[in-house]
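Only heavy atoms go into these numbers, but all of them, side chains included; no hydrogens, no water, no symmetry mates.
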Amino acid sequence: MATKRISPILKQLIRKPIARTTITDLSTIQQRSITYMPRPGDGAPRGVTLLPGDGIGPLVTGAVEQIMEAMHAPVYFEKYQVYGDMPKVPIEVIESIKKNKVCLKGGLATPVGGGVSSLNVQLRKELDLYASLVNCFNLPGLPTKHHHVDIVVIRENTEGEYAGLEHEVVPGVVESLKFCSERIAKYAFEYAYLNNRKKVTAVHKANIMKLADGLFLESCREVAKKYPSINYNEIIVDNCCMQLVAKPEQFDVMVTPNLYGNLVANTAAGIAGGTGVMPGGNVGAEYAIFEQGASAGNVGNEKLIEQKKANPVALLLSSAMMLRHLQFPTFADRLETAVKRVISEGNHRTKDLGGDSTTQEVVDAVTAVLD
């Protein structure tokens, strides 16, 4: 049997203990520059379609424009005026989004009744933005009744009640068509896997909607088999709302049909700190629209507009999501860090967060602490 020989260099390493890295050594390492070799086009400025929208929309989108300029972020905006009472989204807006593939928008007012279609729904259907994502989490320094909340609500965006697929069968009898697609389940599990999330909860009402929601659960169960490292469970929507209010920290990623998801996302946002601080977006295979995550109050009221005290935090954090989507993670991190620092310090907060600051004062504070 051959005898293994140890080289003289290896002998020296065995005899001599390896020196421990000191704090000074680590700080030196962190200060070293890192050379990044981009792919061609990675650093080119990207066009983004901007829709200021209704109500407080121009205020909060204006806040984003100011901070993007202060950061020298590699984006430029193509702005279009679109309002919720328009009969349909102008064709030039759709063409701009299809060209840029990314859109940032303020709230669009949705008329109640009267047969006028929601422009939000039109955009989602036209661009096939089938997945809506809202991240509801505690912001450091912002007092809430519940702690350790970090919930991602992913809802199907184009089917179910929001698809507008309803008709009058006979006078006085209206039928609403509800479908289910496994692609939202795939998106939820893929999101959980790529973002190191541990659990996906399917929200349903299959005890009553046995066919429609039953199909939704079947899709979720089949997809769950392909992700054995992620825990999967199911909860009925009414119990889900009660559990959200009582113990929201038990939830991680939630996947829902359309209508339930809207209710669950706004509930979770209210628990985690309010709809004014929760980011979100709508995404499909080709296009994405980023906006305030929870829809409640996203157009504000006349008093907020007159006093110019709309909360820009939700849209600023949504813009950080957009920057990450555009593969500009450093700019996204800078923006998120600055916004969280301002909230944590507590000197510049709008009324919904317990302060009395104007939108511009919040913008100035965030700009001042940009790294």
Side-chain angles (χ1 to χ4, degrees), residues 26-39 41-50 59-79 100-106 133-142 150 152 194-196 272-273 276-281 283 288-293 310-350 353 355 357-371:
L26 286 175
S27 64
T28 303
I29 292 171
Q30 290 171 354
Q31 289 173 2
R32 291 176 183 166
S33 62
I34 299 173
T35 302
Y36 166 59
M37 180 177 284
R39 295 169 300 179
D42 274 1
R46 291 286 304 274
V48 174
T49 304
L50 179 65
L59 272 175
V60 293
T61 56
V64 173
E65 288 184 277
Q66 288 184 59
I67 291 179
M68 289 291 180
E69 184 176 352
M71 293 172 65
H72 302 289
V75 297
Y76 60 91
F77 293 108
E78 295 180 0
K79 189 184 298 187
N100 294 323
K101 299 188 181 300
V102 175
C103 173
L104 181 73
K105 65 181 281 289
L133 185 150
V134 182
N135 190 191
C136 304
F137 57 94
N138 293 123
L139 282 166
L142 189 64
D150 187 4
V152 174
L194 293 175
N195 288 276
N196 197 29
V277 294
M278 301 303 156
V283 66
I289 292 180
F290 295 88
E291 58 188 319
Q292 179 176 317
N311 189 350
V313 170
L315 199 64
L316 288 174
L317 293 175
S318 298
S319 300
M321 290 175 60
M322 179 189 75
L323 288 169
R324 204 164 276 117
H325 175 81
L326 290 170
Q327 298 184 2
F328 298 128
T330 302
F331 288 91
D333 291 343
R334 286 177 63 201
L335 179 53
E336 281 185 355
T337 301
V339 171
K340 289 177 180 178
R341 180 175 169 183
V342 169
I343 295 297
S344 178
E345 290 174 350
N347 298 321
H348 299 88
R349 293 180 182 174
T350 49
L353 302 183
S357 299
T358 63
T359 306
Q360 190 59 50
E361 287 170 343
V362 175
V363 171
D364 293 340
V366 172
T367 303
V369 298
L370 280 171
D371 183 15

Visitor: What distance do R324 atom CZ and D333 atom CG have between them, rounded to the nearest 0.5 Å?
Guide: 5.0 Å

Visitor: With rounding to the nearest 0.5 Å, note down the distance linking NE2 in H348 to CD in Q360.
Guide: 11.5 Å

Visitor: Verify side-chain contact (heavy atoms from CB on, under 4.5 Å) between L104 and T49, making sure each step is shown before the conclusion.
Guide: CA-CA 6 Å; L104 181 73; T49 304; over 6 Å; no

Visitor: Give me the atom names and distance for the closest heavy-atom approach of L315 to Q292.
Guide: CD1-N, 3.8 Å

Visitor: Can you see which heavy atom on A310 is nearest to which on T359, and at what distance?
Guide: O-OG1, 2.6 Å

Visitor: Does the pair V152 and N135 meet the rule for a side-chain contact (heavy atoms from CB on, under 4.5 Å), with working shown?
Guide: CA-CA 5 Å; V152 174; N135 190 191; 3.6 Å; yes

Visitor: For residues Q66 and T367, determine if any side-chain heavy atom of one lies less than 4.5 Å from a side-chain heavy atom of the other.
Guide: no

Visitor: Do the side chain of S344 and the main chain of K340 share a donor and acceptor less than 3.5 angstrom apart?
Guide: no

Visitor: Nearest 0.5 Å, please: how far is CG in D150 from CG in N138?
Guide: 8.5 Å

Visitor: Return yes when atom CD of E345 has more than 12 non-hydrogen atoms of other residues, nucleotides or ligands closer than 6.0 Å, and no otherwise.
Guide: yes

Visitor: Rounded to the nearest 0.5 Å, what separation is found between the CZ atom of F331 and the CG atom of L326?
Guide: 11.5 Å

Visitor: Is atom NZ of K101 surrounded by more than 12 heavy atoms (other residues, nucleotides or ligands) closer than 6.0 Å?
Guide: yes

Visitor: Specify the closest pair of heavy atoms between L323 and M68, including all atoms of both residues, with the distance to one decimal.
Guide: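 Answer, listing the atom of L323 first, then M68: CD1-CE, 3.8 Å.
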
Visitor: With respect to T350, which candidate in V277, T358, V362 satisfies the side chain to side chain contact (heavy atoms under 4.5 Å, CB included) definition?
Guide: V362

Visitor: So V102 and V75, do their side chains get closer than 4.5 Å, heavy atoms only?
Guide: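 Sidechains of V102 and V75: no contact.
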
Visitor: Can you tell me how far apart CZ (R46) and CE (M322) are? Round to the nearest 0.5 Å.
Guide: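 If I round to the nearest 0.5 Å, the distance is 10.0 Å.
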
Visitor: Under a 4.5 Å cut-off applied to non-hydrogen side-chain atoms, are L50 and E65 in contact?
Guide: yes

Visitor: Considering non-hydrogen atoms only, spot the tightest contact between Y76 and P45 and give its length.
Guide: CE2-O, 3.9 Å

Visitor: Can you see which heavy atom on F290 is nearest to which on S318, and at what distance?
Guide: CD2-O, 3.8 Å

Visitor: How far apart are the closest heavy atoms of L335 and A320, and which atoms are they?
Guide: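 So the two residues come closest at CD2-N, 3.8 Å.
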
Visitor: Nearest 0.5 Å please: distance from the CD1 atom of I343 over to the CG atom of L142.
Guide: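 Going from CD1 on I343 over to CG on L142, the span is 6.5 Å.
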
